[in-house]
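The structure under discussion appears below in the form of structure tokens.
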Amino acid sequence: MSDFRIPFDNNQGERDIRMVKVKQKVSGGFRTLEGAKCFGRIRGYISTAHKNAKNVFEAIRDAFDGNPFIPSSEMQ
């Protein structure tokens, strides 16, 4: 309980969903299904980069440069 960098729970799925729920509440809901899908894709890409210990800003920049981060398919 002294290292606050560690989350209080071990439910990564819940934390991933929470961001979508916050986005819905802040914006009053997604305007279109396409907008919701785009948000999910972007958020999923950021989450994947973060979970693979990649710098998120560099991963986004690389994606715009046409060289997106693709995680290895090997199971650890």
Side-chain angles (χ1 to χ4, degrees):
M1 294 301 293
S2 61
D3 188 353
F4 292 105
R5 294 174 295 166
I6 300 171
F8 289 109
D9 64 287
N10 194 25
N11 192 343
Q12 183 64 46
E14 178 185 308
R15 286 190 297 275
D16 288 343
I17 297 278
R18 190 176 309 130
M19 185 61 185
V20 174
K21 298 303 284 180
V22 167
K23 173 69 176 164
Q24 276 183 314
K25 290 176 184 175
V26 167
S27 68
F30 294 107
R31 301 270 183 233
T32 64
L33 179 59
E34 185 63 28
K37 288 179 180 180
C38 287
F39 176 80
R41 277 188 228 114
I42 293 167
R43 184 67 192 148
Y45 180 78
I46 290 170
S47 180
T48 300
H50 181 74
K51 289 175 187 175
N52 283 276
K54 300 293 179 188
N55 181 300
V56 173
F57 292 110
E58 288 178 12
I60 293 169
R61 184 192 62 218
D62 292 344
F64 279 112
D65 288 342
N67 187 25
F69 164 69
I70 300 173
S72 122
S73 60
E74 296 177 13
M75 297 295 286
Q76 294 184 4

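For the atom pair OG1 (Thr48) and CZ (Arg43), the distance works out to 10.0 Å, reported to the nearest 0.5 Å.
Scanning for side chain to side chain contact (heavy atoms under 4.5 Å, CB included) contacts around Asn55 gives Phe57, Glu58, with sequence neighbours left out.
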Identify each donor-acceptor pair in which a side-chain atom of residues 61-71 lies under 3.5 Å from a protein atom, sequence neighbours left out, and give them as a table.
none

